[in-house]
There are 2 protein chains.
Amino acid sequence: MSKLQRILSHAEQQCQINGSRLTDKRKKVLSGLLQSDRALSAYELVDYCNETYDENFAAMSVYRILEFLEQEQLVHKLNLANRYVACGHITCDHQHEVPQFLICTDCQSVKEFSISRSTLGSIKRQVEQANFHLVSEQIELNCLCKSCAAA
Amino acid sequence: MSKLQRILSHAEQQCQINGSRLTDKRKKVLSGLLQSDRALSAYELVDYCNETYDENFAAMSVYRILEFLEQEQLVHKLNLANRYVACGHITCDHQHEVPQFLICTDCQSVKEFSISRSTLGSIKRQVEQANFHLVSEQIELNCLCKSCAAA
DNA sequence: CTCTGTTATGTTACATCACAACATAATCAA
DNA sequence: TTGATTATGTTGTGATGTAACATAACAGAG
Ligand SMILES: [Zn+2]
Ligand SMILES: [Zn+2]
Ligand SMILES: [Zn+2]
Ligand SMILES: [Zn+2]
């Protein structure tokens, strides 16, 4: 069983537990993201799926499917880049924490990582001091990945 | 002399020093942002200027003007919200540091603030450990402002 | 296995967004 | 005045995101 298959079946189980269905189309969109080494826009996914699976996804469908996958924590939306990535922890059993993302502005590769609790804590403290309140611990940072930085 | 006037003339001087011109149109766009209590999208600015000054700005012009104002550090672009705010430090004489922004996802009000050097340092360190490199210290965080959080 | 309500997907049509490309006008430096 | 540079006008287009309504697939009750 390939790694992709393993992740997909794990995702399917997870959906069953949540009382939702990982349909064929949804699986294809998720696969697209899983097989991509970078974050994809909705329309890139439309093209990818249509070429790879000889399907006829409409943009509308992909947006709806992405919304679903996001709710199921299988996919993350990167607001800073208006793109989507597959969650890197689908096969993990532990509860998914709110992740932070490093996005390469050159090649759109993404690293899902966790900033230390203490750093996150001091960010939150300083935000509160400024009389604002974080709506989410999801933090996105524009970066260069190692290979793009070298070039 | 009103506060607005003072900021504008300060901005004009700054442009002269840089060998650029703060034209009438550019002044109007900047004024629009200065008088707004929240971040505005390019098209909101188009509408605002056309209504307020009885002008006929085209979207294209506003995009160009915003690009100019950004170069002059008079305006900041918020990538997370696809909106623009006037710099809060135009009349400061000290060198402008890279700012961080707290953006209310409800009312689009924005606080330009500075995270502590030490926190910024530890963020950078953790990013480097993940083999990425920050392209900018500009960090944008989705928040709720105090009044929106209350409601 | 029907029937029926719910969920998923298809289809069409729009509103918005961001900018390319070329044209004209204003400004400046000599 | 002239020529170069900069700013703005104008037109057109590709990309984005979603509303509104229609049909299909599914699941559970009877
Ligand atoms: Zn994840
Ligand atoms: Zn890269
Ligand atoms: Zn500023
Ligand atoms: Zn608010």
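Throughout, a chain's letter reflects where its sequence line sits, starting with A, and its residues are numbered from 1. Remember, it's a predicted structure, so these values are computed and weren't measured experimentally.
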Using OP1 and OP2 only, check whether a side-chain N or O of Ser20(B) sits under 4.0 Å from dT6(D).
no
So, is Ser61(A) near the phosphate of dT9(C), with a side-chain N or O under 4.0 Å from OP1 or OP2?
no
Relative to the 5' end of DNA chain D, which residue comes earlier, Arg26(B) or Ala58(B), by the nucleotide with the nearest heavy atom?
Arg26(B)
Going by the rule salt bridge (charged side-chain N to carboxylate O under 4.0 Å, His left out), which residues pair with Glu128(B) if we only count those two or more places apart in sequence or in a different chain?
none
Donor-acceptor contact present, side-chain [X] to main-chain [Y], <3.5 Å:
X	Y	answer
Arg26(A)	Arg21(A)	yes
Gln14(B)	Glu72(B)	no
Asn142(A)	Thr105(A)	no
His133(A)	Cys143(B)	no

Rounded to whole Å, please give me the gap between [atom1] in [X] and [atom2] in [N].
X	N	atom1	atom2	answer
Asn18(A)	dT7(C)	CG	C1'	16 Å
Leu22(A)	dT9(C)	CG	C1'	15 Å
Asp24(A)	dA24(D)	CG	P	18 Å
Leu40(A)	dT16(D)	CG	C1'	16 Å
Glu44(A)	dA15(D)	CD	P	11 Å
Glu55(A)	dT11(C)	CD	P	12 Å
Gln16(A)	dA27(D)	CD	C1'	14 Å
Ile65(A)	dG10(C)	CD1	C1'	11 Å

Can you tell me if Ser114(B) and Gln100(B) form a side-chain donor-acceptor pair at under 3.5 Å?
no
Compute the centroid of each ring, for His96(B) and then for His76(B), and state whether the two points are separated by less than 6.0 Å.
yes
Just so I know, are the side chains of Ile139(B) and Leu120(B) near enough to count as touching, which here means a heavy-atom distance under 4.5 Å?
yes
Find every protein N or O atom lying less than 3.5 Å from an N or O atom of nucleotides 17-23 of chain D, and list the pairs.
residue	atom	partner	partner atom	Å
dG17(D)	OP1	Asn82(A)	OD1	3.3
dG17(D)	OP2	Tyr63(A)	OH	2.7
dG17(D)	O5'	Tyr63(A)	OH	3.4
dG17(D)	N7	Tyr43(A)	OH	3.1

Among dT9(C), dT27(C), dT8(D), the one nearest any side-chain atom of Arg21(B) is dT27(C)
Identified stems (criterion: three or more consecutive Watson-Crick or G-U pairs, under 3.5 Å), DNA chain D
C:1-30 with D:1-30
Got a salt bridge between Lys77(B) and Glu67(B), using NZ or NE/NH1/NH2 to carboxylate O under 4.0 Å?
no
